[in-house]
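Worksheet for the structure shown next.
What you see is a predicted model, and the numbers here were worked out from it, not measured in a lab.
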Amino acid sequence: MIHLPRVRQGPLRALAVRLALAIALVLITVLIIYADRDGYRDVNEDGLTLLDCFYYAVVSLSTTGYGDITPVTPHARLVNVLVITPARVLFLIILVGTTLEVLTDQYRNSLRVSRWRRKLKDHVIVCGYGTKGRAAINALLETGYDKSRIVVVENRTDGVRQAAANGLATIEGNATRSAVLNDADVKNCKAVIIATDSDEASVLITLTVRQLTAGQVRIIAAVREQENAALLKQSGAHHVIVSSATAGRLLGLTTTAPPLIDVVEDLLTPGQGMALAMRSAERAEVGRNPRELRTLVVALIRRGKVLPLGGEQALTIDTGDMLVYIRDEDAGVDVAV
């Protein structure tokens, strides 16, 4: 089931409001009839009780009209023309309107989903809206990624509700199933981020995505245990992040060199202090040593592989290389050597 972000009234609340209106309308009609009960006659000709007034109001508003109770005085008939008949129409509108709203809402939602599918392209699918999934989405948004190009796949009801409340298109279902991933249009997406709480589920999702996309979509997965990282890469994941090992290394780094953890957090937090950035090599930079540039380059990426800048071998920039450098987010400029 696809949940697109929107603000709407809950179905139970809408039904309760309509039911309250219908009951209120019946009660008002009963009071009007009871106040003018002397102008009505029933088949027994013994006058109208309060129960008779309820009976007449219900059969009149529901258009049943058995005819066993009828207005006989001009005043009662005038009240029927001016009050009871409009109330009958309003009562039907309330009842029929609920059904019409449900049908209209389904049709409107179908149109919104169709329009959303036509516009969906080069999007990112995030499988799992737990702590890791939310952090990954926040990182995308902080780097300027459009929220409308993020699709969440979640099987927990509270996670689906939270993602939809945060304005994200959400598909409710298990990401290990091909039908659910096809609903997210996995074949036309840019990347799939797998942020589940189970390593076994991550492996199954990776295999399913690779099967559906023939390995043409980049898969980024997170695992808890280091021993499962190799299995995920064999399953088709392009990048695997071991959450427990990464957290352990950061804990050890904090213990032995506390200031370094502040630098790492600063680099990984967009919008403040220093941040890692990447750009293509310019024509004037081809053939030069990255250390000679004014920009503080920390790594070169050539044909998908990271080239270390340290060591005795001097590297030069080639056409098509990507430069990973440090940028000063506060000043909005590149950090110079």
Hydrophobic cluster membership, Ile28 vs Leu82, 4.5 Å side-chain cutoff: yes

Other residues, nucleotides and ligands only: do more than 12 of their heavy atoms fall within 6.0 Å of CZ on Arg41? no

Rounded to the nearest 0.5 Å, how far apart are CD of Glu172 and CD of Glu154? 9.0 Å

Report the distance from atom CG of Asn174 to atom CZ of Arg156, rounding to the nearest 0.5 Å. 12.5 Å

For residues Thr157 and Val160, determine if any side-chain heavy atom of one lies less than 4.5 Å from a side-chain heavy atom of the other. no

Does any part of the side chain of Lys147, heavy atoms only, come nearer than 4.5 Å to the side chain of Leu141, both counted from C-beta? yes

Regarding Asp199 and Ser202, is there a side-chain donor-to-acceptor distance under 3.5 Å anywhere? no

Would you check if the side chain of Glu285 reaches a backbone N or O of Glu282 as a donor-acceptor pair within less than 3.5 Å? yes

In Val180, Thr176, Val153, Ile125, the residue satisfying side chain to side chain contact (heavy atoms under 4.5 Å, CB included) with Ile205 is Thr176

Among Val240, Ile219, Ile241, Val242, which residue satisfies the side chain to side chain contact (heavy atoms under 4.5 Å, CB included) criterion with Leu232? Val240

Any heavy-atom pair between the side chains of Asn228 and Val203 that's under 4.5 Å? no

Nearest 0.5 Å please: distance from the CZ atom of Phe54 over to the OG1 atom of Thr49. 10.5 Å

Leu48 to Arg37 - nearest heavy-atom pair and separation: O-CD, 3.6 Å

Is it the case that the side chain of Thr170 and the backbone of Leu168 share a donor-acceptor pair, with hydrogens and angles ignored and the cut-off at 3.5 Å? yes

CD1 of Ile326 to OG1 of Thr295: how many Å apart, nearest 0.5 Å? 11.0 Å

Cation-pi geometry met for Arg279 and Tyr325 (6.0 Å, 45°): yes

Do the side chain of His123 and the main chain of Val186 share a donor and acceptor less than 3.5 angstrom apart? no

Quick check: does any side chain N or O of Asp146 sit under 3.5 Å from a backbone N or O of Ser148, one acting as donor and the other as acceptor? yes

Any chance you could measure Ile220, atom CD1, to His238, atom NE2, to the nearest 0.5 Å? 8.5 Å

Minimum heavy-atom distance between Val324 and Ile301, given as atom pair plus value: CG2-CD1, 3.8 Å

Listed partners of Tyr56 passing ring-ring contact (aromatic ring centres under 6.0 Å, His included), at least two apart: Tyr40

Testing the basics here: between Ser280 and Met322, what is the closest heavy-atom pair and its distance to 0.1 Å? OG-SD, 3.5 Å

Is Leu50 reachable from Leu27 through a run of I, L, V, M, F, W or Y residues, each pair having side-chain heavy atoms under 4.5 Å apart? yes

So if I apply the salt bridge (charged side-chain N to carboxylate O under 4.0 Å, His left out) rule between Asp321 and each of Arg283, Lys305, Arg302, Arg303, which one comes out positive? Arg302

